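Okay, structure first, notes after.
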Amino acid sequence: MLAPPLYAHRLGRAYGPDSSAKALAGALAARADGLETDVCLTSDRELVLLHDPLLSLGTTLDGWAHERTATEIAQARILDRDRVPTAERPLTLDELLTHAPADLPIQVEVKAHADPELARQTAAVVCERYRGGRERRRLELISFHSAACATAAAYGFRSRLVVWAEYAPEALAAWAVSRGVTGVSVEHFLLSERLVSVFRLAGLSVNTGTINDAELLARVSELASPDAVCTDRPAELRAEVLRLEDASSTTAIVDAEFVTAGSGRA
């Protein structure tokens with residue numbers, strides 16, 4: 001089982017705080033096949049990399065991202081998983097694109113808590129800012145908000161809708177194709193051969209995440225062969241997949257030799 005492309009979730013949260021410069025450095029050192037991060041729109045229409053629009057959930061600031069300026073947010077510090085302030089500050093999308101290799105794919109997930117119009121505006125700002133440059137070719141906009149995905153598709157950007165339920169996949173696929181959305185991201189525990197076949201027959205690519213365990217990745221790959229997988233730890237997961245493959249190959253060889261030896265005795 002060859003591992004599918006591994007994208008660093010939240011820029012590689014095993015290597016540093018969510019979507020931070022430290023996480024990015026770790027993901028690049030790990031030779032991730034792509035990057036995934038979250039983006040929020042600020043009050044001055046800048047784009048900051050935050051998993052949660054409610055600032056108190058991930059930073060030393062309070063309030064909502066869309067109510068603060070980018071300068072204010074840049075002065076905050078990112079919290080670690082124990083909610084302890086770190087030395088890392090939130091990055092902007094411009095900063096990420098400056099420091100990431102030009103050929104590395106980047107998935108940008110639009111975050112706008114229960115606000116489809118804010119999600120649409122965020123997607124529009126991303127597209128307006130980068131539609132005339134080379135960044136357009138490597139950016140893919142993803143979101144739980146269908147309005148954000150449809151907006152990105154209308155601008156000619158690749159877009160991917162995050163799927164959290166398996167009902168009516170034919171209807172979802174038909175909607176995606178009609179809007180120009182190019183793919184779906186399905187939580188790994190929902191993936192099945194039937195679900196994936198519906199999306200693939202519609203011409204949609206299928207990604208999944210977040211997977212950090214080699215055995216889980218092996219099962220998901222066997223069931224669905226996803227086009228890409230999001231993980232917090234791309235280097236470690238890739239190494240564990242190789243070890244799992246080596247162990248399986250060794251077992252197969254030993255079993256074959258045992259069968260051959262048994263046949264000889266007969």
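Here the structure is a predicted model, which means the values were calculated and not measured.
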Problem - Working for side-chain contact (heavy atoms from CB on, under 4.5 Å), residues E215 and L244 - result: CA-CA 8 Å; E215 289 190 64; L244 193 62; 4.3 Å; yes
Least distance between heavy atoms, [X] atom then [Y] atom:
| X | Y | answer |
| --- | --- | --- |
| S221 | P226 | CA-CD, 3.9 Å |
| P101 | L28 | CD-CD2, 3.6 Å |
| A123 | A148 | CB-O, 3.5 Å |
| A150 | V181 | N-CG2, 4.4 Å |
| R200 | A224 | NH1-O, 3.4 Å |
| A27 | Y15 | N-CD1, 3.4 Å |

Flag, side chain of [X] to backbone of [Y], donor-acceptor distance under 3.5 Å:
| X | Y | answer |
| --- | --- | --- |
| R238 | A32 | no |
| E128 | V125 | no |
| D52 | L54 | no |
| D44 | A70 | yes |
| H66 | C40 | no |
| S20 | P17 | yes |
| D33 | L6 | yes |
| R45 | Q121 | no |
| T208 | V229 | no |
| N212 | T231 | no |

Practice task
Answer with yes or no whether the side chains of S205 and R160 bring together a donor and an acceptor at under 3.5 Å.
Solution key: yes
Handout entry: Short side-chain donor-acceptor distance under 3.5 Å, T37 and S19
Key = yes
Practice task
Report the C-alpha separation of F189 and V220 in whole Å, then their side-chain angles, then the decisive distance to 0.1 Å, and conclude whether the side-chain contact (heavy atoms from CB on, under 4.5 Å) test is met.
Solution key: CA-CA 8 Å; F189 51 81; V220 166; over 6 Å; no
Hey, quick one: are [X] and [Y] part of the same hydrophobic cluster, counting side-chain heavy atoms closer than 4.5 Å, chains of contacts allowed?
| X | Y | value |
| --- | --- | --- |
| L216 | L237 | yes |
| V110 | F144 | no |
| L49 | L79 | no |

Practice task
Please report the C-alpha distance between T42 and E67 in whole Å, then the side-chain angles of each, then the deciding distance to 0.1 Å, and finally whether the side-chain contact (heavy atoms from CB on, under 4.5 Å) criterion is met.
Solution key: CA-CA 6 Å; T42 66; E67 297 173 343; over 6 Å; no
Exercise for the section: Decide salt bridge (charged side-chain N to carboxylate O under 4.0 Å, His left out) for D115 and R120; before the verdict, give the C-alpha distance in whole Å, the side-chain angles of both, and the deciding distance to 0.1 Å. Expected result: CA-CA 9 Å; D115 191 337; R120 188 199 64 75; over 6 Å; no
I'd like to know if [X] and [Y] make a salt bridge, using a cut-off of under 4.0 Å between side-chain N and carboxylate O.
| X | Y | result |
| --- | --- | --- |
| R219 | E222 | no |
| R68 | E46 | no |
| E72 | R89 | no |
| D213 | R233 | no |
| D103 | R134 | no |
| E88 | R77 | no |

Would you indicate whether the side-chain heavy atoms of [Y] and [X] approach each other to under 4.5 Å?
| X | Y | value |
| --- | --- | --- |
| I73 | T59 | no |
| V186 | F199 | yes |
| R138 | L97 | yes |
| V48 | V39 | no |
| T60 | L55 | no |

Practice task
For E187, look at atom CD and say whether over 12 heavy atoms of other residues, nucleotides or ligands are found less than 6.0 Å away.
Solution key: yes
Problem - Identified side-chain contact (heavy atoms from CB on, under 4.5 Å) partner of D38 from the options E109, Q107, H9 - result: E109
Practice task
Just do the side-chain contact (heavy atoms from CB on, under 4.5 Å) check on W175 and E170 with the steps written out, would you?
Solution key: CA-CA 9 Å; W175 174 87; E170 292 86 359; over 6 Å; no
Problem - Geometric cation-pi criterion R136 and F157, 6.0 Å radius, 45° cone - result: yes
Run the side-chain donor-acceptor check on residues 162-169: report pairs under 3.5 Å with partners two or more places apart or on a different chain.
none

